[in-house]
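Notes for the one structure printed next.
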Amino acid sequence: MGESNTNADEDLLLKEFFAEVSEVERENEVIRILSCFKLNPFEFMNLPFDSSPEDVKKQYRKLSLMVHPDKCKHPQAKEAFGALAKAQQQLLDQQERDYILSQVTAAKEEFRAKRKKQLKKDTASKLKSLVDEGKSEQQYEQSEEFQQELKLKVRELLTEQEWRRRKMSMRISEEEGRLKKDEEEQKEMWKRKREHEEQWEGTREQRVCFHCFFN
């Protein structure tokens, strides 16, 4: 009961807030959504990679109210609204979510290995990393600089994976096309053979008579 009341209160606050949002802000949000990297649903939702499914649901309620075609006059509001819905669906699907996060993990591991190698070579940098503003590795990875680099690296990895997927799909399609062509050629060959046999059988009587005539 308490949780239901809390959600109702949050929805009411959201509606009151967005009643005050200007049309310019709504249109800017549509533009932001439509300019997002297509393969990363976290970007559409404007959320960090460690966001929970509950965070996704809350953010969707907030942004969908902002760009809803009934409330936003931007000509592409419907498109932005649909992109948000798709992004939420992807992030609430465990398999889709795990795939995206696997690319995030791969990007982090690549950065960590690169940073470790760099610090081994540069003692001064290593010492600086230990004392600079008291930042630990974990704090560094939470910095705006690292998050931006991570975002770009994830884009790169997702693009590579999508390209591999498309190439594989293309090869499969080509192989299916080749097999289909072979199958059609086989059918045509058997069809011609059958027609030849039928034609040969149809002239059998004529051949027999012709043979009898000369014997």
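When a residue number appears, it is its place in the shown sequence, counting from 1. Worth knowing before you read on, the calculation uses all heavy atoms, side chains too, and leaves out hydrogens, waters and symmetry mates.
When all heavy atoms of V56 and L47 are compared, the closest pair comes out as CA-CD1, 3.8 Å. The two atoms that bring M66 and C72 nearest to each other are O-CB, 4.0 Å, heavy atoms only. Annotation for K78 and P69: closest pair CA-CG, 3.6 Å, computed over non-hydrogen atoms. The two residues Q88 and M45 make their nearest non-hydrogen contact at N-SD, 4.1 Å. The two residues F44 and F37 come nearest to each other via the heavy atoms CE1-O, 3.5 Å. For the pair S64 and L84, the tightest heavy-atom approach, listed with the atom from each and the gap, is N-CD1, 3.8 Å.
Between F42 and F49, the ring planes are perpendicular. Angles over 60° get that label, and only those under 30° would be called parallel.
The number of heavy-atom neighbours closer than 6.0 Å to NZ of K38, taken from other residues, nucleotides and ligands shown, is above 12. Other residues, nucleotides and ligands contribute over 12 non-hydrogen atoms within 6.0 Å of the CD atom of E149.
In this structure, the side chains of E29 and R32 come closer than 4.5 Å at one or more pairs of heavy atoms. Contact check for F146 versus K108: side-chain heavy atoms found under the 4.5 Å cut-off.
Under the 4.5 Å side-chain contact rule for hydrophobic residues, L92 and L63 share a cluster. Under the 4.5 Å side-chain heavy-atom criterion for grouping Ile, Leu, Val, Met, Phe, Trp and Tyr, L157 is not connected to Y99 through any hydrophobic cluster.
With hydrogens and angles ignored, the 3.5 Å screen pairs a side-chain donor or acceptor of E25 with a backbone N or O of S22. The closest donor-acceptor contact from the side chain of E23 to the backbone of K73 lies under 3.5 Å. Under the 3.5 Å distance criterion, the side-chain polar atoms of R155 are left unmatched by any main-chain donor or acceptor of L150. With Q147 contributing its side chain and E141 its backbone, the two residues share a donor-acceptor pair below 3.5 Å. A distance-only check finds a donor-acceptor pair linking the side chain of R26 to the backbone of L65 [under 3.5 Å].
Atoms CD and OG1, from E110 and T105 in turn, are 13.0 Å apart once rounded to the nearest 0.5 Å. Atom OG of S102 is separated from atom CD of Q161 by 7.5 Å, given to the nearest 0.5 angstrom. Atom-to-atom distance recorded for I31:CD1 and H74:NE2 is 4.5 Å, nearest 0.5 angstrom.
Contacts of L34 classified as side chain to side chain contact (heavy atoms under 4.5 Å, CB included), with partners at least two apart in sequence or in another chain: V30, Q76, E79, A80.
Ion pairing between a basic and an acidic side chain is recognised when a charged N comes within 4.0 Å of a carboxylate O; E156 and K153 show such pairing.
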*Evaluate the salt bridge (charged side-chain N to carboxylate O under 4.0 Å, His left out) criterion for residues E162 and R166: first the C-alpha distance (whole Å), next the side-chain angles of each, then the deciding distance (0.1 Å), finally the verdict.*
CA-CA 6 Å; E162 178 64 13; R166 291 189 184 187; 3.0 Å; yes

_Residue pair R112, E109: steps toward the salt bridge (charged side-chain N to carboxylate O under 4.0 Å, His left out) verdict_ = CA-CA 5 Å; R112 286 166 184 163; E109 288 175 352; 5.7 Å; no

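Side chains of D98 and Q94: a donor on one and an acceptor on the other come within 3.5 Å.
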